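All remarks here apply to the structure that follows.
A, B, ... follow the sequence lines: proteins, then strands. Residue 1 opens every chain. Given the structure is predicted, the values throughout are model-derived calculations rather than measurements.
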Amino acid sequence: VPVKGQTRWPSWLALAVGLLIALLSVVGCVVTLRVTNEHEHELLKNDVAGAAALVKVTVDDFTVPMGSVATAATLAAHDPKDFAYLSFPVKIPAGASLALLRQDGDSYVVTAAVGPALRPNQDITGGVAETIASSAQSSAAANRAGLRVVPTAVTRTRNAATFGFAVGPPNTPPGTAVYEQLTVPVRFIGKDNPFLNSINLALYGGMTLDPSHLAFANTNALPLHGDVVRQDIAVGTDQWMAVGSAKEPLSGSLARDAGWMILFLGLLIALLVGITLDVVSRRRRYAEVQVATRTAELARSMSDLRDAQTALVQRERLAAIGQMASVVGHELRNPLTAVTNALYLIRASGDLTPAEAPHLELAERELGRATTLAQDLTDFVRPRTPVPEPFGLDQLLEEVMEAAPPPPGTLVRAHIGHLIVVADRVQVSELLTNLVTNAYQAIGAGHVWIWAQPLDGKVKVAVQDDGPGIDPDVAAHIFEPFVTTKTRGTGLGLAIVRRIAEEHGGSVGVEEFDGSGARIVATLPGVAEQNGAVHPRFDEATAAWGTEDEQTPTGAAAPS
Amino acid sequence: MTETNGDHGLPAVLVVEDEEGVRTTIAAILRSAGYVVHEAPDGEVALTMLDAGVSDVMVLDVRMPNRDGFSVLENLPSPPVTILMSAQSLEPEAYNRVRQKVFAHLRKPFRPERLIETVESAFGGEET
């Protein structure tokens, strides 16, 4: 069920918090990467500086530092995989040869060599080096290749091969002199006849030739990793350069990946936190909307319930009134019959004293009232289905006026015309009787006007008096049972009028008009066959009953 | 032909009514009008008295203990001329069953003159 207040978009809070965490993770990532890179750069710089220092010392002193124990140790101290290449040119004294040895158990194998046996700029990649290497499996073999080969490595580590260079004149017999030359090479080589040669030696693999640099490369070093460090080296009048780069990150993989991990985790947390916040916020909004909806429904239900209760109470009240009226009305009838009979017998006996006669008259009069009351009470609740028949309203009114003549001092004028009403004749008779009786009782003495006119296929009957009128507050309830403004009367007459009118599909009401008095109207189903004015004028009244006490009040103008 | 009570040669009326005040005053009014009046306090007694053939006209209340007015009429194949009295309006279904046997219906309270007129015409109706 779609609920008002829900949106497809995440809440601002979730977005803000998620973005903040993401931003922090990016910053963390950048900082960490930077720190790691700086660390790597430092490491690399140290290595290159070490190599450069070595080269510088060596060349300045005219030594061959690559063959020194220190060099081998320095290089061996690094994991070969960590050190990509070191590139620098080397001056090799005239007549001298340079070889690269690899320790293999107790023997040393020439893996590369350069010297008089090799031409300058000769590509010794592959074949030559391989030839030398394969033929110089021992010191003797090295000598045959024209190299003075002496094991020089004194440092051995468990995890790394130790490399050493041996330098010496061709055919120099093996011996300690060589070793001394290595340690004090300047005395051995001399400065007078140097030649400059450039050669690339691969420490751990293939060789490449570069005309101006000696490069140590490792096939495993390619591709090189990130940073490249260069350092210029002034050697005499020459400018040399040491180049270093790491084959792989020098730091551990955790440190290397820390930045990216921070970024990834940060984004993940940002997403999770954002989603969680959004879900919570959506739930809260949903709950708020639900609460509001339910509250409104509850209020509506309460209101409906109150209305229903009021209606029920009203219905129950009327039902109870009706039941009580019925019981009282019926139970009164037997005693009223007995009293009526008894009074009749007293009067029939004919021997009343003059003092007794008025009392009997009083008893008879009051008995008449009680009888009317009982009649009203039972009429009010008697369930009757109207039996409609067409009849002339004027004829019926004459009968009603005969049965309920106006009291002394009251004049009734009527203008009905010949209107045909289709209704239950007995009930309409009751209706008219109650309307005129109500008017009599309202005014005491005065004028009552009765007229009828067709209205939208029905017949509207109006009874108007020039009495005190009806208070607007009372007018709303005047058709309810037992509501009366009079000191006499049961308050049932107009309730009966309403019931009869409504059972005929009509209605009743109090109509306002200019002037004093009250006008009560009722509509009944009818067929108009009027032979008179639609707007009656009562100076031409069709009928009049009763007598006037005094002159017609000027305020009681003829109704229109 | 005016049926008469054998003893007095006068027209006889049976008043069947459980309310004593109503019964005795009706009886008194009818006696004053010159009728011989018998009284029954309920339907059972009325049936017994009618078995003895004491009345030509019956003034019969509807609601009574020990057999109501409708039941009395249903138990009499040829009842006397009957004037029904009731405080309540008549229940249509029950009334329709005995309608043929009812001469007139008086709603309580009624004017004594009306009672006398109705009883008179009941006897008159018998004559025609």
Minimum heavy-atom distance Arg333(A)-Pro109(B), with the two atoms named
NH1-CD, 3.7 Å

Of all heavy-atom pairs between Thr25(B) and Ala338(A), which one has the smallest distance, and what is that distance?
CG2-O, 3.8 Å

Look up atom [atom1] in [X] and atom [atom2] in [Y], then write down how far apart they are to the nearest 0.5 Å.
X	Y	atom1	atom2	value
Asn341(A)	Phe110(B)	CG	CZ	6.0 Å
Thr337(A)	Arg107(B)	OG1	CZ	10.0 Å
Tyr344(A)	Arg111(B)	OH	CZ	10.5 Å

Select one option (side chain, backbone, both, neither) describing which atoms of [X] are under 4.5 Å from chain A's heavy atoms.
X	value
Glu19(B)	side chain
Ile26(B)	both
Leu106(B)	neither
Arg63(B)	side chain

Count the heavy atoms belonging to other residues, nucleotides or ligands that lie under 6.0 Å from CD of Glu20(B), then report whether that count exceeds 12.
no

Under 6.0 Å from the CZ atom of Arg31(B), do we count more than 12 heavy atoms belonging to anything else shown?
yes

Answer whether the closest heavy-atom distance between the side chains of Lys108(B) and Asn334(A) falls below 4.5 Å.
yes

Interchain contact, Leu336(A) with chain B, by part (heavy-atom threshold 4.5 Å)
both

